[in-house]
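Heads up, the thing below is written out as structure tokens.
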Amino acid sequence: MIETEGRDAEDIWKDYKTLFNTNNLNKLDVTEFNRVLGVFVKNLTIPGAYGKMLSIFQDMRDMAKVKPDESTYNIMMSMYLKKKDFKGINLCFGDMQKQNILPNTITYNIMIKAISKLDKSDTAMALYSEMVERKIRRNEKTFTMLFCACSARRNVPQAHQFYRIMLNEGLQPDIYTYNAYINVIARNAKDLKELQKAMDVIKQMREQGVNPTLVTYNILIKALQAMGKRTDALHLFNQMELEGVKPNSSTLEGIGITGLQALLKLRNTYKVTPSHTDFNTCMDQALKESKYTDAMEILSYMQESGFKPNVSTYSILMNAHIRQNDMIRAMGLFTAMKNDNVEPDNYIYASLIDGFVAQNDVEQAFTLVSHMLESKIELNKMTINRLIDTASKSKDPKLVQRVFERIERLTVPSKDACERVLWRIAQSYDIPVVEKYLKIMNKHNHIINRETFTAIITGASKGCNLTQARYWYNQMIEQGISPDHMLLSMMIRAHADDAKEIDKTLSLWNDFHYFGIAPDDDDIMYVLNLCAETSHWRDEIKILGQLKELGYDADSYKARITEKKQQSNDGTESKMDPDEEYYEEYGEYLKTRSANTSIIRVKERMQKWVRDIAKISSQKMDDNAKSRVEQWTPYRKPQLPIMGTKG
DNA sequence: GTAGGGTTAG
């Protein structure tokens, strides 16, 4: 009834609407509905695709009286996954059970992917067991997604477990599975030794005839960069080159090459055509480094290469304006974007709304919220938390209250959101106001637990209201909730930083013992230092005694404290240890030196390329495009003047 | 394949 082969989504929609209007939808069967839905899920960026899918799904049941099958649900779930809507996915999954539609491998794969992407819980193993119980076949994709879930939960042991299970089930990992597995290990590796395990996996995969790809190298290089192992990253980069694997912007970022320079290298050295992502990434980097001229060149080059600005492009540019508090230009881009038929998504809205909140313009912010809701984009947790956090940064504690009040009118704020507000309230107000917000939280049926108290106590400490911090700390204990290590550590530091609170600090120290929490190295040194600095030598001896009793190496702590004391007694003018002083100065020198040489180098390379590009772009771009590009790029002058340009 | 997989874009 509806031809989908090789036709674009808009035409298919027209055909569908014709059937709808002529009351002929009942001529479509489930397969045909699925085929049509499938077209839209692949083209979710076309305007209104999401709404169209929802109405097709509804028409299918209400008008055509066609019962959705597991494929229909899979398609809808896939749509929700792309929309990052976990609620929708769960609803579909629940509906399937209610209607006795059996989920298949794909359903579960989507569910696992969703929990790794959207849910906080660690239910990967539970879903896997469910598949086993219900005898639903697993495949390599299932395990790839299970590894994703492990990565999101930072659960490396579970990843190893899944790897063994996979081999036991007779499934041969392919490059995707291997990369996902390697990713879990690499992302969580704290040092080279832990990263070695990822290298071992690579050895295994090579033995299986699967060679590392760009993605594999990017994962490893990024991990090395995160560890600060620049030399090792470069080494790996060289190995990658030797194997003939070409880098992309992400690889280059891993070895410290960003922005225009990165694109230059991709084009000139590696002869690769940058992708849309490469352009966006590099432009974002340039904007964040305040290299506005570069950003403009990147934008032109991107358009010449046939890439139209997409949501991310717009978002990157808008955020650059928002960082400069220029909401007018940001809103201008918002209009331009809609004129370009690029649909704003929740990131776009979140950035704009947040920008207005940052400027104290609550009215404008919430006008945009209502626009957002009108276009069927929900006010999600991410947006709410972002607004509250931004409002919290204001000196005026009323801002967060106003924002929160507006949010309450639209939705039930999450527990997390309430706690963020409490954190800020406790910084500026005393007990009764905090109590008021606790009541609000209670009204929304949120449990008040350790997390809640931690938010309040941390807030009060940050606001230097230690009396209130102690009040809530005691309240918490009265409720039968014990502090955890983080909270106790934080309390001790907050009290120790205030010279008047030494006795309170020492009584908090006893809580480690009282609540059976083991103090760590930092805690111990912190308290011992405090005793030493304030000449509380009796307490010092007592604490060292306690430590010995508890099996700590008290002598080594004693030695470290004595050493510190001697240093400060040496009577040098600076409190800093001479080595530290030297390194600090030397470090500054090194920083300026390397910055200067690299600036010169970048400048030289840039000039050449910018000239090239400028030539091409003036030929290729029409005037309209040129003025658009100029209008988009943040106007602030580049901080580093570019030599060789006119003037 | 009507639906599902790896690193980087806001």
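Chain A is the first sequence line, chain B the second, and so forth, proteins listed ahead of strands; every chain is numbered from 1.
Relative to the side chain of Asn109(A), the nucleotides dG5(B), dA9(B), dG4(B) differ in distance, and dG4(B) lies closest. Among the nucleotides dT2(B), dG6(B), dA3(B), the one closest to any side-chain atom of Asn74(A) is dA3(B). Of the candidate nucleotides dA3(B), dG10(B), dT7(B), dA3(B) has the atom lying nearest to any side-chain atom of Lys42(A). Of the candidate nucleotides dG6(B), dT2(B), dT7(B), dT7(B) has the atom nearest to the side chain of Arg187(A). Counting only heavy atoms from C-beta on, Thr144(A) has its side chain closest to dG6(B) among dG6(B), dA3(B), dA9(B). The side chain of Thr105(A) has dG4(B) as its nearest neighbour among dA9(B), dG4(B), dG10(B).
Distances shorter than 4.0 Å separate some side-chain N or O of Lys82(A) from OP1 or OP2 on dG4(B). Taking 4.0 angstrom as the limit, Thr31(A) places none of its side-chain polar atoms (N or O) nearer than this to OP1 or OP2 of dT2(B). The phosphate of dA3(B) (OP1 or OP2) has no side-chain N or O of Lys141(A) nearer than 4.0 angstrom.
Residues from residues 45-58 of chain A that place a heavy atom under 4.0 Å from any atom of DNA chain B: there are none. In the region residues 162-186 of chain A, proximity to DNA chain B at under 4.0 angstrom, judged on heavy atoms, holds for Asp174(A), Ile175(A), Tyr176(A), Thr177(A), Asn179(A), Asn183(A). If you check residues 117-136 of chain A against DNA chain B, you find no residue with a heavy atom closer than 4.0 Å.
The aromatic rings of Phe147(A) and Tyr163(A) lie tilted to each other, with the angle between the two planes from 30° to 60°.
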List the atom pairs, with distances to 0.1 Å, where a side-chain N or O of residues 63-71 of chain A and a protein N or O form a donor-acceptor pair under 3.5 Å, not counting sequence neighbours.
residue	atom	partner	partner atom	Å
Lys65(A)	NZ	Asp62(A)	O	3.0
Asp69(A)	OD1	Asn34(A)	ND2	3.1
Asp69(A)	OD1	Ser71(A)	N	3.1
Asp69(A)	OD1	Thr72(A)	N	3.0
Asp69(A)	OD1	Thr72(A)	OG1	2.8

Which atom pairs, one a donor and one an acceptor, fall under 3.5 Å between side chains of residues 85-94 of chain A and the rest of the protein, sequence neighbours left out?
residue	atom	partner	partner atom	Å
Asp85(A)	OD1	Lys87(A)	N	3.2
Asp85(A)	OD1	Gly88(A)	N	2.9

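Nucleotides dA3(B) and dT7(B) are separated by 24 Å at their C1' atoms, to the nearest Å. Taking atom C1' in both dG1(B) and dG5(B), the straight-line distance is 15 Å, to the nearest Å.
Remark: aromatic rings of Phe334(A) and Tyr349(A) are close, center separation under 6.0 Å.
Residue Asn139(A) places a side-chain atom within donor-acceptor reach of the base of dG4(B), judged by atom type and a 3.5 Å distance cut-off alone.
Mapped onto DNA chain B by nearest heavy atom, Ser315(A) and Ile106(A) fall at different nucleotides, with Ile106(A) at the one closer to the 5' end.
Among the heavy atoms of the strands lying under 4.0 Å from Ser78(A) are primed sugar atoms or P, OP1, OP2 only; no base atom is included. Note on Glu140(A): a base of the nucleic acid sits closer than 4.0 angstrom, heavy atoms only. Counting any heavy atom pair closer than 4.0 Å across all strands shown, Leu37(A) reaches no nucleic acid atom. Residue-level contact check: Cys148(A) touches the backbone only, with heavy atoms under 4.0 Å from sugar-phosphate atoms and none from bases.
Donor-acceptor pairing under 3.5 Å is lacking for the side chains of Gln204(A) and Tyr178(A).
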Go through Thr281(A) and Glu253(A) one step at a time and tell me if the side chain to side chain donor-acceptor pair (under 3.5 Å) criterion holds.
CA-CA 9 Å; Thr281(A) 309; Glu253(A) 190 185 54; over 6 Å; no
Could you walk me through whether Phe162(A) and Tyr181(A) pass the side chain to side chain contact (heavy atoms under 4.5 Å, CB included) check?
CA-CA 9 Å; Phe162(A) 279 131; Tyr181(A) 181 39; over 6 Å; no
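One finds the OG1 atom of Thr142(A) at 12.0 Å from the CD1 atom of Ile165(A) (value rounded to the nearest 0.5 Å).
Sorted by first and then second residue, the salt bridge (Lys or Arg N to Asp or Glu O under 4.0 Å) pairs involving residues 160-169 of chain A (not counting sequence neighbours) are Arg138(A)-Glu169(A).
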